[in-house]
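Just below is one structure, and these are the notes that go with it.
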Amino acid sequence: MAGGQSKADDESVRENFNRAAAYVMGRRTFDEGERGWPDPPQFRAPVFVLTSTPREPWVRQGGTTFTFVTEDVEFALARAREAAAGKDVQIPGGAHTVRQYLDAGLVDELQIHLSPIVLSKGVRLFDHVPPEIALEPTCAIHSPGVTHLTYQVVRP
Ligand SMILES: NC(=O)c1ccc[n+]([C@@H]2O[C@H](COP(=O)([O-])OP(=O)(O)OC[C@H]3O[C@@H](n4cnc5c(N)ncnc54)[C@H](OP(=O)(O)O)[C@@H]3O)[C@@H](O)[C@H]2O)c1
């Protein structure tokens, strides 16, 4: 964004946005973004929002339309895959949504962007995820504020 600084984190963030051509997120993650994301939002691609409450699509500038999906996680992923046309689908969160995709065996790669901030409470990312899933580290990028960790998800 305008006025920002260039840091070691930039490459990680830039690469992620370049690789993804569609997104799936949970409604609570969307709620925070609806209040805070600029227009155009950073996604510049279709975003499918899982929710149990139907809502008309929210069209923003720059190629981002938020489409609300009331079916299951597989259906939302299928819509996103179709929109991505062979490029990556990214699931930016939150934890409730990510762990359903892990549980369903639908995640190829997991990225954790770890900040040294102690919150003392929150949703556990791996609760109920089957222990058969293994994580193989493939990349770690350090900066003073964030450690970017990438794992390949290995399924039995
Ligand atoms: N630190 C980070 O990088 C990061 C990233 C993302 C999010 N966050 C934070 O995480 C928090 C939200 O995460 P969260 O885990 O609480 O929630 P979430 O996964 O973002 O959203 C959960 C909501 O998504 C909908 N949903 C999920 N699975 C569904 C399904 N199978 N069918 C229908 N609807 C489904 C439901 O919405 P309805 O209630 O509408 O039915 C559910 O209440 C926010 O505070 C956000 O800022 C942090």
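As the structure lists them, so they are numbered: ligands from 1, and atoms in each ligand from 1.
Residues forming a side-chain contact (heavy atoms from CB on, under 4.5 Å) with Gln100 (at least two apart in sequence, or on another chain): Val73.
Listed by first then second residue, pairs satisfying salt bridge (Lys or Arg N to Asp or Glu O under 4.0 Å) with a partner in residues 79-103 read Arg19-Asp88, not counting sequence neighbours.
Among all heavy-atom pairs drawn from Ser52 and Thr70, the shortest one is C-CG2, 4.1 Å.
Side-chain atoms of Asn16 and Gln111 form a donor-acceptor pair, as typed in the model, at a separation below 3.5 Å.
Relative orientation of the Phe17 and Tyr23 rings is tilted, given thresholds of 30° and 60° on the angle between their planes.
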Review item, side-chain donor-acceptor pairs of residues 115-132, under 3.5 Å, at least two apart:
from   : atom 1 : to     : atom 2 : distance (Å)
Arg124 : NE     : Asp127 : OD1    : 3.0

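Sorted by chain and number, the heavy-atom contacts of ligand 1 below 4.0 Å come from Gly26, Arg27, Arg28, Thr29, Glu32, Leu50, Thr51, Ser52, Glu71, Val73, Pro92, Gly93, Gly94, Ala95, His96, Thr97, Gln100.
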